[in-house]
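Scroll down for the structure; my scribbles are underneath it.
The sequence lines fix the lettering, A, B, ..., with proteins before strands; numbering per chain opens at 1. All values reported here derive from a predicted model rather than from experimental measurement.
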Amino acid sequence: MESNKIRYDNLTVSSSPHLVTSLDTTKTMLYVVAALFPAALMSIVYFGIPALIIILVCMISCVFFEWIYERLLGKANTVRDGSALVTGLILALNLPANLTHLGGIDYPAFMPILICILGSFVAIIVVKQIFGGLGRNFANPAIVARITLLVSFTSYMSTWPTTRFQRAEIEIMTGATPLAKLAEGSLATAPSLRDIFLGNIGGAMGETCALAILIGAIFLIAMKIISPIIPVSFVGTVFLFSLIYYAVSGNAPDGMSPLYMACFHVFAGGVMFGAVFCATDYVTSPVMDLGKVLFGIGCGLVTMIIRLFCSYPEGVSFAILFMNIMTPHLDSFAEDRFYGISKRKKEAAAAAAEKKA
Amino acid sequence: MFFKSKHLNSINAGHHKHTAGCATEVMPVPATVRISMSQNIGAPCQPLVKKGDTVFVGQKIGDTDAFLHVPVHSSVSGKVTGIESIRNAMGGTDTLVVIESDGQQTMDPGIKAPTVTNHKEFVDAVKASGLVGLGGATFPTWLKFNPRNMDGVKVLLINGAECEPFITSDHRTMLEDAQNVIDGALAVMKYLELDECYIGIEDNKPDAIENFNKMFAEQGLSSMHTFPLKASYPKGAERVLIYEVTGKTCDAGVLPADLGCIVSNVTSIAFLGQYLKDGIPLIKKRMTVDGDAVSEPKNIIAAIGTPVYDVIDFCGGYKTPPTKILMGGPMMGRAIFSDSMPIVKGNNAILAFSKEQAWIPEETACINCGRCHKACPFGLLPTGFADAYAAGNVERLNDLKVMQCMECGSCSFVCPAHRPLAFMNKLGKAMVREASTNGK
């Protein structure tokens, strides 16, 4: 009764599972771009067309560098994974919305564009691709690019245009950030918490509006793209550290409470943006929960030490870079604790010694 | 984790329980069955019949003297036309007894309900029934019912979680064979002197939970309980189930009995309930036939040894050419290379996937996102295993406790880079095993 139906005897065999999630790297990256959208939008609202131009230049040049590098080296093309897009956007939002004010130095007019492109080059080629591309870089590309630009073009990178609402009140086109004023001891009239929270202050394009960053953070956490551990421990450390510092030292500028200063440190600089979008970079942060907690605390501590005791007014980028380098150690520490590696070894050694004796 | 959570990590692998509403259809016995001699974990059986022999339904046709063994029975009556050997899904070689059915389905005259009065007779009866763990692990059930610490075992855990996507055969068993489940469970509790019985069922099967609750109440069974589990993968894994129900941590290599439980699949228990009534050994199996290459997905009862193509033909044939056929679920099932492979005891599903459904995206670079670690029920670190395996570092594999991996596939499922992590875990485990045998 053999039927004449077709039999299949060359089917695909593979190891289980035979079903995988539809979430891939590209989608993950697009979620991050979506989460950055409110911050990018607010930067355009506050700083206008220059912000838009800088965002576009950084994103396009990051993607271009990724493409050209892989093309020249004959590597598989990974532009489609979207990670260069994210790097470009984060880099742009870390820069001043500054196309015209060059900090008193006589640069050519197109210099800011070149600076953006140079930043993209550092991020994609130097930090990411040379170390083997996505997943292989030991430091966050956008953070290293920002630091490179900061030390190379210090005056450009610390000349902050005022927001359009500030300009409506006072006719100043650029001004120091609140943190810079604090470091100089010239924070005479403190900005209101509302202005700081909504971002109506000078600063890097994407960093100023804490509200927009919070929306992005909630989105990423709700979509399970990032774990809240690093942002919470980072921001929490900054808050507690400054609260205790000002309460104990009494160094707060006239008439400002330690609580105000704690909120000031959380919202005024790059802490929120760095904690949500830079410190949570998968590749350069620890995998295990304990490592993440330590990473966040470390970021917060280094940030506050730089802000309060060192000559730079802002320390988020340096803190994140520093902790990026610490990540392998945090990972192995967390693994050791979680799996009890050294404990088991110690026990085994003790048992062996006992046997001998 | 810093604190011990009440639930182990799990993932949402989708349910795809298309056939949950399909009442089981009994498939007619095929013209020829090919019964494998390797249907359980442990030693394969030696054929007891030879070419030309006449066999009855339920007649023992394979057995062995090895410790870890279960006999194999004929699922049809007819004539043995040959003893073949084939390459199995694991790459090894299996011996098959090929029997041409005479269509009469004449029962072996020796078959009668077993007389069971004490524990030893119970274990012997279970051994004679050919029962293995029907959840897919195919561990000889009689051994499970004969723990070395009889007095310490108090609880019977029946696994009705059925967390694998697509499969609904356990679900149908719980609806259609509920009385057998209860009878089987009561027998196990009686002869093993157990106090309580929990049936773990995922909460996406509320009808099964309700059905049992109603029957327990009606029959006044105060020692039997249902235990709803969150419908997520892999709640039905033995060690996960034990933790969820009893809160006890079951490390790899530890027997559930050492923690005071006997864990058994619901279909195994249902079979036992039936077997104690009529004495017919394990010769047929309920399974889900699904996948987008199958015309009419349904639940069927098929004779052990039925070729897969006959099963597919019974379900309306192929709708589109299959690219992959799985024995078992998509998370832990085995891909077979040919649809002439026979049904074995451990089969709870035959899934035929078209090219589209079988497609797994290309592997990309690891982005260190840690999803594999978060997905692992035991919090293992698959990326660490993969690196250590690539480096041939057995010590590191042991440090990260690779042997705890139960190969559930959650890590591979969630990986956004689509790395075959579960596969690398298996390779890592094999490397550790090899190193420990060579070291001795």
Side-chain angles (χ1 to χ4, degrees), chain A residues 1-3 5-29 76 78 80-81 83 132-137 224-227 281-293 327 331-332 334-342 344-345, chain B residues 1-2 11 13-14 16 31-32 89 165 309 313 317-318 321-326 328-340 351 353 358 360-361 364-370 373-374 379-381 383-384 399-401 407-410 412-418 420 422-423 426:
Chain A
M1 208 186 80
E2 282 296 306
S3 73
K5 289 194 175 146
I6 308 169
R7 303 281 176 251
Y8 293 90
D9 55 7
N10 57 348
L11 298 162
T12 305
V13 285
S14 63
S15 183
S16 60
H18 307 282
L19 199 66
V20 295
T21 173
S22 63
L23 179 82
D24 57 9
T25 305
T26 309
K27 278 187 198 159
T28 311
M29 295 298 169
T78 59
R80 281 172 57 89
D81 68 27
S83 64
L134 181 65
R136 298 284 171 198
N137 49 303
K224 299 206 168 146
I225 301 296
I226 62 168
S227 137
D281 173 24
Y282 293 143
V283 180
T284 55
S285 66
V287 166
M288 307 188 83
D289 290 350
L290 176 62
K292 284 189 167 125
V293 173
T327 293
D331 260 335
S332 66
E335 280 163 21
D336 185 73
R337 281 305 175 90
F338 192 85
Y339 301 112
I341 298 171
S342 53
R344 256 183 296 150
K345 284 202 173 136
Chain B
M1 270 307 192
F2 306 110
I11 60 169
H16 307 280
T32 309
Y309 53 67
D313 283 352
Y318 295 111
T323 295
K324 206 182 236 186
I325 297 183
L326 306 177
M331 297 301 289
M332 288 187 80
R334 285 170 189 158
I336 54 177
F337 60 88
S338 160
D339 64 358
S340 55
L351 303 177
F353 287 173
I360 288 190
T364 56
C366 173
I367 54 173
N368 199 38
C369 65
H373 169 62
K374 282 274 155 237
L380 301 175
L381 196 61
T383 50
D399 281 350
L400 295 176
K401 300 189 172 181
E407 304 169 11
C408 68
S410 299
S412 294
F413 181 89
V414 297
C415 181
H418 306 300
F423 182 47
K426 289 176 201 174

Does any part of the side chain of A:Val20, heavy atoms only, come nearer than 4.5 Å to the side chain of B:Cys415, both counted from C-beta? no
Should we say atom CZ of A:Arg80 is surrounded by more than 12 heavy atoms from elsewhere, each under 6.0 Å from it? no
Using side-chain heavy atoms (C-beta onward) and a distance below 4.5 Å, is B:Leu381 in contact with A:Phe338? no
Working for side-chain contact (heavy atoms from CB on, under 4.5 Å), residues A:Arg136 and B:Cys366: CA-CA 9 Å; A:Arg136 298 284 171 198; B:Cys366 173; over 6 Å; no
Between the side chains of A:Ser14 and B:Lys324, does any donor sit under 3.5 Å from an acceptor? yes
Contacting region of A:Ser285 [heavy-atom separation from chain B under 4.5 Å]: backbone
With a 4.5 Å limit on heavy-atom distance, are the side chains of B:Ile367 and A:Leu134 in contact? yes
Which bit of B:Pro165 comes within less than 4.5 Å of chain A, counting heavy atoms only: side chain, backbone, both or neither? side chain
Under 4.5 Å, counting heavy-atom pairs only, tell me which of B:Met332, B:Arg334, B:Lys426, B:Met331 racks up the most with chain A. B:Met331
Treating A:Arg7 as the side-chain partner and B:Tyr309 as the backbone partner, does any N or O pair qualify as donor plus acceptor under 3.5 Å? no
Report the option among B:Ile325, B:Thr364, B:Val414, B:Leu326 that has the most heavy-atom pairs separated by less than 4.5 Å from atoms of chain A. B:Leu326
Would you please test B:Leu380 and A:Tyr339 for side-chain contact (heavy atoms from CB on, under 4.5 Å) and show each step? CA-CA 9 Å; B:Leu380 301 175; A:Tyr339 301 112; 4.2 Å; yes
For A:Ile225, which atoms come within 4.5 Å of any heavy atom of chain B: side chain, backbone, both, or neither? both
Ranked by heavy-atom pairs below 4.5 Å to chain A, first place among B:Pro361, B:Ala13, B:Gly379, B:Ala358 goes to B:Gly379
Could you list the residues that satisfy salt bridge (charged side-chain N to carboxylate O under 4.0 Å, His left out) with A:Lys27, not counting sequence neighbours? none
Against chain A, work out which of B:Tyr318, B:Phe353, B:Phe423, B:Phe413 has the most heavy-atom pairs shorter than 4.5 Å and name it. B:Phe413
Take B:Leu351 and A:His18, measure what side-chain contact (heavy atoms from CB on, under 4.5 Å) needs, and give me the verdict at the end. CA-CA 11 Å; B:Leu351 303 177; A:His18 307 282; over 6 Å; no
Would you check if A:Ser15 and B:Glu407 make a side-chain contact, meaning some heavy-atom pair closer than 4.5 Å? no
Relative to chain A, which segment of B:Pro322 carries a heavy atom at a distance below 4.5 Å: side chain, backbone, both, or neither? both
Over all heavy atoms of both residues, which pair between B:Gly409 and A:Pro17 is shortest? Give the atoms and the distance, please. O-CG, 3.5 Å
Please report the C-alpha distance between A:Tyr8 and B:Phe337 in whole Å, then the side-chain angles of each, then the deciding distance to 0.1 Å, and finally whether the side-chain contact (heavy atoms from CB on, under 4.5 Å) criterion is met. CA-CA 8 Å; A:Tyr8 293 90; B:Phe337 60 88; over 6 Å; no
When only pairs under 4.5 Å are counted, which of B:Ala365, B:Pro321, B:Gly384, B:Gly329 shares the most heavy-atom pairs with chain A? B:Pro321
Side chains of B:Ser338 and A:Leu11, heavy atoms from C-beta outward: is any pair under 4.5 Å? no
Kindly write out the residues that satisfy side chain to side chain donor-acceptor pair (under 3.5 Å) with A:Ser342, not counting sequence neighbours, or none if the list is empty. A:Asp336
Taking the side chain as every heavy atom from C-beta outward, state whether B:Cys369 and A:Thr28 have any pair of such atoms under 4.5 Å apart. no
I want to check something: taking the side chain as every heavy atom from C-beta on, are B:Lys374 and A:Val287 in contact at a cut-off of under 4.5 Å? no
Kindly compute the distance separating CG (A:Asp331) from CG (B:Asn368), expressed to the nearest 0.5 Å. 6.5 Å
Here the gap from A:Leu19 atom CG to B:Ser412 atom OG, rounded to the nearest 0.5 Å, amounts to 11.5 Å
Would you indicate whether the side-chain heavy atoms of B:His373 and A:Glu335 approach each other to under 4.5 Å? no
Does A:Ile341 offer a backbone N or O that forms a donor-acceptor pair with the side chain of B:Asp399 under 3.5 Å? no
